[in-house]
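Every chain is numbered from 1, with letters handed out A, B, ... down the list of sequences. As the structure is a computational prediction, the values presented were derived from the model and not from experiment.
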Protein chains: 2
Amino acid sequence: MEVTALADDARGDLFDPACPTRGLLDRLGSKWTSMAVKVLAGAAPAEVRFAELRRRMPGVSQKMLSTTLRGLVRDGLVDRRVEPTVPPRVHYRLTALGLSLEEPLSALRAWAEAHMAEIDRANHAAAAEQVTGADDSAVL
Amino acid sequence: MEVTALADDARGDLFDPACPTRGLLDRLGSKWTSMAVKVLAGAAPAEVRFAELRRRMPGVSQKMLSTTLRGLVRDGLVDRRVEPTVPPRVHYRLTALGLSLEEPLSALRAWAEAHMAEIDRANHAAAAEQVTGADDSAVL
DNA sequence: CTGTATCCTCCCCGATACTG
DNA sequence: CAGTATCGGGGAGGATACAG
């Protein structure tokens, strides 16, 4: 692996200071991050083990869960505690910073649950216009 | 181009109903979406023209702005109004749905502005541990 | 049990050029 | 002015195998 250890998980040196939101959304946008935060937040302040975390995130692979958690730990949003047994047990929990993120994030989740169906309908309507020859005057 | 017109902008038939948040974050995660919403929300209820929008989003290309806006229109978050002049003028503004998204989204922006620097520091600290041989006892 | 190492595929996004 | 068409690089992320 050599010197590549430096660039290991680095997602670039962040972003344009004028728009920190992009840096945050790049992270939350990665497929499993928000779900991991959700599960960890739901269990807080208790810890969650790797396998348990995986069970609560249907569809995630070992690799992606590992990668996701490493990113969160690196960002200081999650704490990682290793129980030095054989086999090892690894526990994760949100840091104070991670917990503080849960608040605005849950607001976004609430919006999603309330309005994503509407977005879904808008998409299907747009698709329908395509097949009907973009005849928008008759829609509805 | 043929029948591909159907699949044109379709980002899949959405997502697992159990997690509408993923569908939303997939959209907000795309590079220019959140910025476009921000600019449009800042101008609301006024409309913003394509070129003006582009000026307020430093670094965006014509193609990506066009693609981003098309996605937002398709999702029902943005309205598009064409002034049939020569050359044409096209105006964009958030729909009621788009405006409602701005609320939780601005909360996320506030969190980002308040805490991304901290995440930045955590990342640099993690990088530093790599070069020092993971000696975390001496950090700080 | 909790990871890491490879390989490989898909698609996001940027650059560039062209159109009405 | 407001787009669309095309090409190409690079990274996200899934499958699989292996390790401590």
Side-chain angles (χ1 to χ4, degrees), chain A residues 1-2 4-5 7-13 15-16 22-23 25-36 47-74 78 80-92 130 134, chain B residues 1-2 4-5 7-12 15-16 22 25-36 47-74 78 80-92 130 134:
Chain A
M1 84 168 46
E2 299 186 323
T4 56
D8 189 24
D9 270 349
R11 296 190 189 74
D13 201 7
F15 46 84
D16 181 2
R22 273 252 39 79
L25 286 175
D26 275 346
R27 289 163 166 79
L28 297 180
S30 72
K31 191 163 185 181
W32 301 103
T33 300
S34 70
M35 192 180 301
E47 297 174 316
V48 185
R49 290 184 51 189
F50 187 89
E52 175 64 16
L53 208 39
R54 195 177 170 200
R55 240 169 293 138
R56 300 196 193 180
M57 296 169 60
V60 72
S61 67
Q62 286 186 353
K63 176 196 170 188
M64 287 317 297
L65 180 53
S66 177
T67 301
T68 300
L69 289 170
R70 210 187 311 142
L72 285 168
V73 168
R74 185 189 170 96
V78 166
R80 181 176 185 271
R81 184 174 68 86
V82 181
E83 215 169 331
T85 59
V86 177
R89 294 162 165 226
V90 185
H91 305 258
Y92 295 90
Q130 290 290 335
Chain B
M1 78 167 53
E2 300 186 318
T4 56
D8 187 24
D9 270 349
R11 298 188 187 76
F15 44 86
D16 180 1
R22 273 252 40 80
L25 286 175
D26 275 346
R27 290 164 165 79
L28 297 179
S30 73
K31 190 163 183 180
W32 301 102
T33 299
S34 71
M35 194 180 300
E47 297 174 317
V48 184
R49 291 184 49 187
F50 187 89
E52 175 63 18
L53 208 38
R54 193 175 173 202
R55 240 168 293 136
R56 300 196 193 181
M57 296 169 59
V60 72
S61 67
Q62 286 186 352
K63 177 197 170 187
M64 286 318 297
L65 180 53
S66 177
T67 301
T68 300
L69 289 170
R70 208 188 311 142
L72 286 168
V73 168
R74 186 189 169 96
V78 166
R80 181 176 184 271
R81 183 175 68 87
V82 181
E83 215 169 330
T85 59
V86 177
R89 295 164 166 225
V90 185
H91 305 259
Y92 295 91
Q130 290 291 335

Between B:Arg89 and A:Gly29, who's closer to the 5' end of DNA chain D by nearest nucleotide? B:Arg89
Check DNA chain D against residues 49-65 of chain A and give the residues with a non-hydrogen atom under 4.0 Å, in numerical order. A:Lys63, A:Met64
Between P of D:dG3 and CG of B:Leu72, the distance in whole Å: 13 Å
Tested for side-chain contact (heavy atoms from CB on, under 4.5 Å) against B:Val60, the lone hit among B:Leu65, B:Thr68, B:Leu53 is B:Leu65
So which atom in B:Leu28 and which in A:Arg22 form the shortest heavy-atom distance, rounded to 0.1 Å? O-NH1, 4.1 Å
Spacing of B:Glu52 atom CD and B:Met57 atom CE [to the nearest 0.5 Å]: 12.0 Å
Rounded to whole Å, please give me the gap between CG in B:Asp26 and P in D:dA12. 14 Å
Tell me whether the OP1 or OP2 atom of D:dT4 has a side-chain N or O from B:Ser66 closer than 4.0 Å. yes
Look at the side-chain N and O atoms of A:Arg22 and state whether any lies under 4.0 Å from the OP1 or OP2 oxygen of C:dC13. no
Rounded interatomic separation in angstrom, taking CZ from A:Arg27 and P from D:dA12: 11 Å
Rounded to the nearest 0.5 Å, the NZ atom of A:Lys31 sits from the CG atom of B:Leu25 at a distance of 13.0 Å
Measuring from atom CH2 of A:Trp32 to atom OG of A:Ser61, what distance do you get when rounded to the nearest 0.5 angstrom? 8.0 Å
What are the two closest heavy atoms between A:Leu72 and A:Thr33, and how far apart are they? CD2-CG2, 3.8 Å
Could you name each residue pair satisfying salt bridge (Lys or Arg N to Asp or Glu O under 4.0 Å) that touches residues 81-90 of chain B, not counting sequence neighbours? B:Glu47-B:Arg81
Nearest heavy atom decides the nucleotide; on that basis, is A:Pro87 or A:Lys31 closer to the 5' end of DNA chain D? A:Lys31
Given atom CG of B:Leu69 and atom C1' of D:dG3, what is their separation to the nearest angstrom? 11 Å
Spacing of CZ belonging to B:Arg56 relative to CE belonging to B:Met35, to within rounding of 0.5 Å: 13.5 Å
Side chain of A:Pro88 only, please: which of D:dG3, C:dG14, C:dT2 is the nearest? C:dT2
Using the C1' atoms of five pairs at each end, what's the angle between the two axes of the helix from C:dC1-D:dG20 to C:dG20-D:dC1, to 10 degrees? 40°
B:Glu83 CD to D:dG3 C1', straight-line distance once rounded to whole Å: 16 Å
Could you give the CZ-to-P distance, from A:Arg74 to C:dG3, as a whole number of Å? 17 Å
On the nucleotide C:dG3, are OP1 or OP2 found under 4.0 Å from the side-chain N or O atoms that A:Arg70 carries? no
Starting at OG1 of A:Thr67, measure out to CD of A:Gln62 and round the result to the nearest 0.5 Å. 11.0 Å
